[in-house]
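Have a look at the structure below, then the notes.
What you see is a predicted model, and the numbers here were worked out from it, not measured in a lab. Every chain is numbered from 1 and lettered A, B, ... according to where its sequence line falls, protein lines coming before strand lines.
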Amino acid sequence: MADMSTTLAGASLPNPVMTASGCAAGGKELQRFFPVSELGAFVTKTVMRDPRSGRPTPRMAETPSGMLNSIGLQGPGIDAFCEQDLAWLQAQGARVLVSVAGNTAEEFGEVVERLVASPAWECVVGVEANISCPNVANRGLVFACDPVSSERVVRIVRGRVPASVPVFAKLTPDVTDIVAIAAAALGAGASGLTMVNTLLGIVIDTDRLRPQLAGVTGGLSGPAVRPVAVRAIWQVTAAMRAGTLASAPVIGVGGVRTGRDALELVAAGASAVQVGTSTFNDPSAPRRVLTELEAEIDRHGFDRFADVVGIAHERMARP
Amino acid sequence: MADMSTTLAGASLPNPVMTASGCAAGGKELQRFFPVSELGAFVTKTVMRDPRSGRPTPRMAETPSGMLNSIGLQGPGIDAFCEQDLAWLQAQGARVLVSVAGNTAEEFGEVVERLVASPAWECVVGVEANISCPNVANRGLVFACDPVSSERVVRIVRGRVPASVPVFAKLTPDVTDIVAIAAAALGAGASGLTMVNTLLGIVIDTDRLRPQLAGVTGGLSGPAVRPVAVRAIWQVTAAMRAGTLASAPVIGVGGVRTGRDALELVAAGASAVQVGTSTFNDPSAPRRVLTELEAEIDRHGFDRFADVVGIAHERMARP
Amino acid sequence: MSSGVVQVTGELIANRRVGAYHHLTVVAPGVAEPAAPGQFVALAVGGPTSANLLRRCFSLHRVKPSGTYGGTVDVVIAAHGPGTQWLTALRPHDAVDVVGPLGRAFPLPSEPVSCVLVGGGYGSAPLFWLAETLRERGCHVEMVLGAASEDRLFGVVEGRRAADAVHVTTDDGSAGRKGWVSDVLGEVVERTAAGVVYACGPMAMLRSVTEVAQAHGAVAQVAVEESMACGIGVCMTCVLPVTGADGLTRMVRSCVEGPVFRGDRVRWDAIGDGISRVPDDAVGAPRPGGH
Amino acid sequence: MSSGVVQVTGELIANRRVGAYHHLTVVAPGVAEPAAPGQFVALAVGGPTSANLLRRCFSLHRVKPSGTYGGTVDVVIAAHGPGTQWLTALRPHDAVDVVGPLGRAFPLPSEPVSCVLVGGGYGSAPLFWLAETLRERGCHVEMVLGAASEDRLFGVVEGRRAADAVHVTTDDGSAGRKGWVSDVLGEVVERTAAGVVYACGPMAMLRSVTEVAQAHGAVAQVAVEESMACGIGVCMTCVLPVTGADGLTRMVRSCVEGPVFRGDRVRWDAIGDGISRVPDDAVGAPRPGGH
Ligand SMILES: Cc1cc2nc3c(=O)[nH]c(=O)nc-3n(C[C@H](O)[C@H](O)[C@H](O)COP(=O)(O)OP(=O)(O)OC[C@H]3O[C@@H](n4cnc5c(N)ncnc54)[C@H](O)[C@@H]3O)c2cc1C
Ligand SMILES: Cc1cc2nc3c(=O)[nH]c(=O)nc-3n(C[C@H](O)[C@H](O)[C@H](O)COP(=O)(O)OP(=O)(O)OC[C@H]3O[C@@H](n4cnc5c(N)ncnc54)[C@H](O)[C@@H]3O)c2cc1C
Ligand SMILES: Cc1cc2nc3c(=O)[nH]c(=O)nc-3n(C[C@H](O)[C@H](O)[C@H](O)COP(=O)(O)O)c2cc1C
Ligand SMILES: Cc1cc2nc3c(=O)[nH]c(=O)nc-3n(C[C@H](O)[C@H](O)[C@H](O)COP(=O)(O)O)c2cc1C
Ligand code: FES
Ligand code: FES
């Protein structure tokens with residue numbers, strides 16, 4: 001059995017498989033199917049400062065091998081989150097990666113401050129700054145679409161999280177040059193990157209001839225987008241290996257359904273892998289992917305998971 | 001039976017369904033399954049100035065509800081293309097949209113010059129500038145990822161195609177702001193836009209632990225990407241309707257497999273629809289989609305296809 | 001684990017056509033035992049090569065906790081899109097991946113009050129089991145079953161066995177009285193002095209059932225049908241505005257806090273045309289100039 | 001239309017296990033009639049909800065232009081990935097969507113020369129029909145069938161009926177001679193003074209068959225297996241470097257200009273490790289400083 005442990009900028013995890021933000025709620029729901037403490041880390045839904053109702057429904061549309069969602073970051077706000085969800089996760093012995101967001105860069109900071117001050121802070125192994133959300137101060141443009149906004153948020157978040165706890169910037173693939181955004185985030189002090197968030201998409205309801213989502217656009221996720229996630233991870237890892245981008249751990253996310261899918265992201269450069277949409281198909285998916293990924297590592301004869309991270313960059317076919 | 005004719009910047013077509021560039025070769029192969037002259041237009045594979053071998057194989061990887069391809073624009077070069085493929089298409093009575101590309105902006109111009117001078121030019125109803133290909137002069141950056149390069153190519157192509165024949169710029173969705181690229185192309189004289197080309201993706205071969213494509217990256221296409229195509233068409237159409245972008249016809253492409261899929265693109269704003277990857281699943285797909293789209297227009301009780309173009313912008317749910 | 005929800009690969013043992021619907025029986029050990037009327041199951045569709053990732057949800061029509069085959073569950077499915085078409089085309093011995101039982105069941109009255117059960121189309125599926133459960137507790141039970149046309153009525157014969165009386169309406173008059181369930185409901189509630197009206201069917205019907213029940217002094221318990229991506233409470237797609245005991249309206253998940261809600265708690269004013277809006281007074285509702 | 005290629009929804013009438021393979025018979029009217037040995041069919045996989053869009057290609061094992069059921073085609077499938085797993089799990093009466101016949105058949109000699117037919121694994125599938133066709137034309141036919149192990153040999157008994165002699169090799173010695181087909185091929189070509197060697201199997205085998213044939217003065221005709229997205233000539237994914245009659249090497253489509261090529265025309269020097277490279281001297285090969 002291979003050693004599945006992984007280290008993410010100082011955070012040591014027993015294994016590299018996590019839930020994906022917004023695809024596992026607060027943990028209680030999945031606990032009915034497997035103990036969430038068995039995962040490398042549990043990633044919370046993105047939490048903002050204030051309670052949010054989210055968007056009207058329909059909030060989802062099924063798409064070929066994927067789906068669109070437009071939840072609108074519904075949630076109880078950071079205070080209720082810390083008191084209830086985080087405390088519960090801590091009681092389970094889960095390692096938690098808390099996803100945070102704000103309508104403005106400063107609001108990210110407020111959320112993080114209250115999080116760090118929470119009694120349950122001890123179970124937090126990292127903070128994921130979901131910068132793939134709209135920046136109210138900049139015409140609603142997504143933070144992660146702009147290097148300057150990305151930098152600003154990450155700098156604030158990094159400044160308020162104790163240095164011993166890593167901060168990950170979660171990037172959107174909907175940009176011309178993801179390496180440039182990665183560089184901005186790392187330059188501002190991010191310990192690592194989570195890639196990727198959903199792609200912007202629209203589905204038209206062909207009976208009503210109007211957008212199927214009440215919010216018109218939604219985020220595309222699921223196996224359909226896996227090749228885009230692998231590509232983004234590959235590009236950023238390649239830049240790190242070429243020395244044109246500071247080296248930092250990457251958490252891969254996008255379309256993982258099986259251990260083989262996870263292995264694709266890992267071989268492209270991810271030191272950990274999140275399982276999102278596939279959980280809707282199979283509530284045990286994150287736990288099952290861990291078992292299957294272990295089997296894949298064994299099948300290939302590796303002793304340590306860490307040896308497989310980024311391996312495809314070394315095995316390229318030389319045409 | 002609804003009137004299925006459509007007009008694309010002066011080019012009148014009996015119906016709005018086309019093949020997609022690179023997914024129908026030169027026409028002879030599909031002619032075995034249906035007469036290509038029954039389509040609104042036949043879109044040729046992208047032709048460049050010189051003969052090109054394309055990339056090594058593997059050139060493809062199947063992905064969930066889609067595929068990656070990395071053909072590398074293999075082709076016989078513009079002269080052989082005009083003599084053989086175009087002449088044959090003309091003999092069939094097909095209306096042809098010729099897709100052109102160059103390694104440099106100037107090379108686009110040369111290709112178009114020779115095309116316009118060809119004896120078979122008469123069957124050409126439009127030129128599609130495939131600007132979603134690498135610009136050798138600009139570090140191999142894809143033309144359509146940069147407004148300045150896009151503008152330059154379109155200006156040259158437009159300048160050498162007789163004014164009576166429309167020029168379409170084919171855009172990639174892999175950009176932060178597709179409306180900005182659309183504006184550059186239209187500003188340079190494009191008569192319309194074709195949206196979208198493939199998304200950049202990578203698949204890792206989990207047995208060999210190396211990229212499955214010999215060329216590492218490939219273009220993601222098929223139903224998996226349809227929500228991205230619909231979104232791109234929607235955004236550009238919305239900008240046109242808002243008056244922030246010059247009005248021009250959009251040819252939709254991306255993940256169309258059925259008449260309903262085509263209707264999604266049309267309702268989002270497309271005046272014509274191309275069928276690409278689905279042809280590999282069903283060689284008659286372009287022709288079948290036409291029949292199915294007609295049935296959809298009838299089912300909704302419209303008399304004219306043109307009345308459905310962009311209709312979803314008028315029927316938005318008001319939450 | 002504690003909650004009694006399981007995921008099992010079941011086996012289809014029967015698939016019979018009933019009017020416009022298909023009645024499927026699936027061996028699904030562990031699902032039947034903890035289930036109660038009003039709960040539902042989420043079925044995976046399309047098999048191992050499926051492009052349809054999301055599960056489809058169906059009310060439990062009946063369950064048999066044990067028997068020749070081990071526990072079985074019955075569902076009644078209207079073939080509609082790709083998932084329900086796939087399910088209704090299954091043949092005996094085919095595998096069916098089941099998650100359940102899910103959601104909040106119909107709350108049962110503690111006293112043997114009179115009850116009216118209203119089903120629209122396949123929405124009647126869970127009501128016969130509910131009727132039997134209520135009658136076991138001494139309740140008088142009448143049913144009102146409605147549908148667009150006769151072939152879309154489900155379970156009229158079964159209703160006659162399970163309930164004290166069955167009233168039928170169809171939009172086109174092909175069976176029973178021509179009209180809507182709400183046209184006859186008031187009279188039934190009144191006559192039976194019903195304390196609770198249980199309903200399952202389209203949203204517009206649930207709304208008028210709630211109104212009629214209220215007008216006649218009964219409590220409505222309605223099982224809603226919001227589009228669900230996960231069915232288990234993790235995705236937040238299935239919400240609708242519901243007023244809580246504290247008087248505040250929240251967008252609540254119908255898969256875990258529902259699908260059964262008290263009708264007078266549902267914010268019908270914000271629901272319609274296929275959309276559930278966020279009422280301005282909802283907790284965390286968007287404010288001008290911000291979220 | 002003229003070419004005889006059709007697309008039909010066929011019906012599976014038999015699916016039998018043969019060693020490591022599945023032998024499927026499909027009613028596919030219109031496919032059998034124009035077909036010749038060496039051609040293939042492209043089958044859709046996964047049914048209406050499939051996430052696997054691309055067709056899977058299989059050599060025609062046999063065809064029956066007419067019969068009780070109308071024209072049938074037989075294919076031999078090794079279950080491997082999702083598509084072949086789905087196909088081999090089909091049951092009689094299931095629908096199978098077939099496009100075919102596709103590709104260039106084995107060219108037949110105009111004179112009744114001696115021929116050797118070499119099959120690796122399921123690669124032997126098309127060779128029995130070829131053997132019969134050749135013997136009808138008066139050719140002496142011997143076969144060499146090889147595989148990793150006995151269960152991966154296909155058609156040894158059928159070969160004894162169809163050919164004048166059959167020679168068997170397995171990598172592990174579980175049947176026939178231990179070793180590769182190329183170990184015995186030279187002797188057979190020499191002894192029978194064969195004019196043509198036909199081969200179908202893995203690329204590495206086709207390469208050595210070509211070398212052995214050339215060394216003994218025979219022409220090799222090999223059926224290659226490149227990854228195909230469309231099978232009908234429109235996608236350009238299935239290319240490999242082949243030298244034409246004009247002496248120039250081009251990346252040619254194996255689905256329309258192949259799958260059968262003259263072995264000495266294939267640029268084996270550019271093929272290996274799962275990759276077909278573009279030889280520097282190929283028409284349109286990338287040039288330094290540009291494509
Ligand atoms: C609690 C509950 C109980 C239900 N009980 C029954 C029942 O007993 N019998 C029955 O025939 N149907 C029932 N439905 C509706 C059934 O779930 C949908 O008809 C079905 O999911 C549609 O799937 P499809 O593949 O045909 O359609 P598609 O339109 O392809 O479905 C696409 C996606 O949308 C979701 N979806 C679409 N329509 C609905 C809907 N009306 N409700 C919820 N999700 C939807 C699907 O789950 C899927 O994820 C119930 C729904 C809910 C929420
Ligand atoms: C002309 C020809 C004749 C063939 N004859 C036979 C036969 O008689 N019996 C048999 O068992 N197999 C045959 N094959 C191989 C067969 O097509 C593949 O094994 C099959 O496509 C793999 O599908 P999958 O779903 O199992 O694998 P996957 O790996 O999921 O396939 C993914 C994609 O890659 C393509 N692909 C993968 N492997 C191959 C391959 N080896 N050749 C071509 N395409 C591939 C598939 O078509 C599909 O598009 C033949 C291939 C060709 C090109
Ligand atoms: C219903 C849903 C809700 C999501 N909510 C969030 C969120 O709150 N914050 C976030 O960073 N990402 C969110 N995501 C994105 C996922 O975390 C993930 O990045 C993306 O879905 C791709 O992974 P997948 O294909 O495995 O789902 C959400 C995705 C889905 C499907
Ligand atoms: C095998 C293949 C080859 C392609 N070649 C070209 C090309 O030469 N020029 C071009 O503009 N687009 C090319 N495309 C992109 C398609 O024209 C189309 O924009 C894209 O595939 C999305 O449509 P689809 O999902 O219907 O395939 C190619 C796509 C595929 C799958
Ligand atoms: S359906 Fe996912 S939370 Fe209810
Ligand atoms: S497989 Fe598409 S051209 Fe050969």
Apply salt bridge (charged side-chain N to carboxylate O under 4.0 Å, His left out) to residues A/Asp282 and C/Arg55 and explain how you reach the verdict. CA-CA 9 Å; A/Asp282 170 8; C/Arg55 286 175 182 264; 5.4 Å; no

Between C/Ile232 and A/Leu30, is a side-chain contact (heavy atoms from CB on, under 4.5 Å) present by the stated rule, with each step listed? CA-CA 8 Å; C/Ile232 58 164; A/Leu30 290 189; 3.9 Å; yes

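A heavy-atom distance below 4.5 Å is not found between the side chains of C/Val6 and A/Arg32. Side-chain contact check for A/Pro223 versus C/Leu53: some heavy-atom pair is nearer than 4.5 Å. C/Arg56 places a side-chain heavy atom less than 4.5 Å from the side chain of A/Glu62. C/Cys235 has its side chain out of reach of A/Asn69: every pair of non-hydrogen atoms, C-beta onward, lies at least 4.5 Å apart. Two residues are said to be in side-chain contact when any heavy atoms from C-beta on lie closer than 4.5 Å; C/Gln7 and A/Ser284 meet this criterion. Residues C/Thr237 and A/Thr57 fail the side-chain proximity criterion, which asks for heavy atoms closer than 4.5 Å. By the 4.5 Å heavy-atom criterion applied to side chains, A/Arg55 and C/Arg277 are not counted as neighbours. Annotation: side chain of A/Met60 is in contact with side chain of C/Leu54 (closest heavy-atom distance under 4.5 Å).
At least one donor-acceptor pair closer than 3.5 Å links the side chain of A/Arg59 to the backbone N or O of C/Met236.
Counting non-hydrogen atoms of neighbouring residues, nucleotides and ligands closer than 6.0 angstrom, the CZ atom of C/Arg207 exceeds 12 such neighbours. Surrounding CH2 of C/Trp180 are at most 12 heavy atoms belonging to other residues, nucleotides or ligands under 6.0 Å away.
Within residues 258-266 of chain C, no residue has any heavy atom less than 4.5 Å from a heavy atom of chain A.
In this structure, chain A has heavy atoms under 4.5 Å from both the backbone and the side chain of C/Val239. Interface remark: C/Thr249 contributes no atoms to any contact with chain A (heavy atom separation under 4.5 Å). No part of A/Ser278 comes within reach of chain C, as not one of its non-hydrogen atoms sits under 4.5 angstrom from that chain.
Under the side chain to side chain donor-acceptor pair (under 3.5 Å) criterion, C/His93 pairs with C/Glu11, not counting sequence neighbours.
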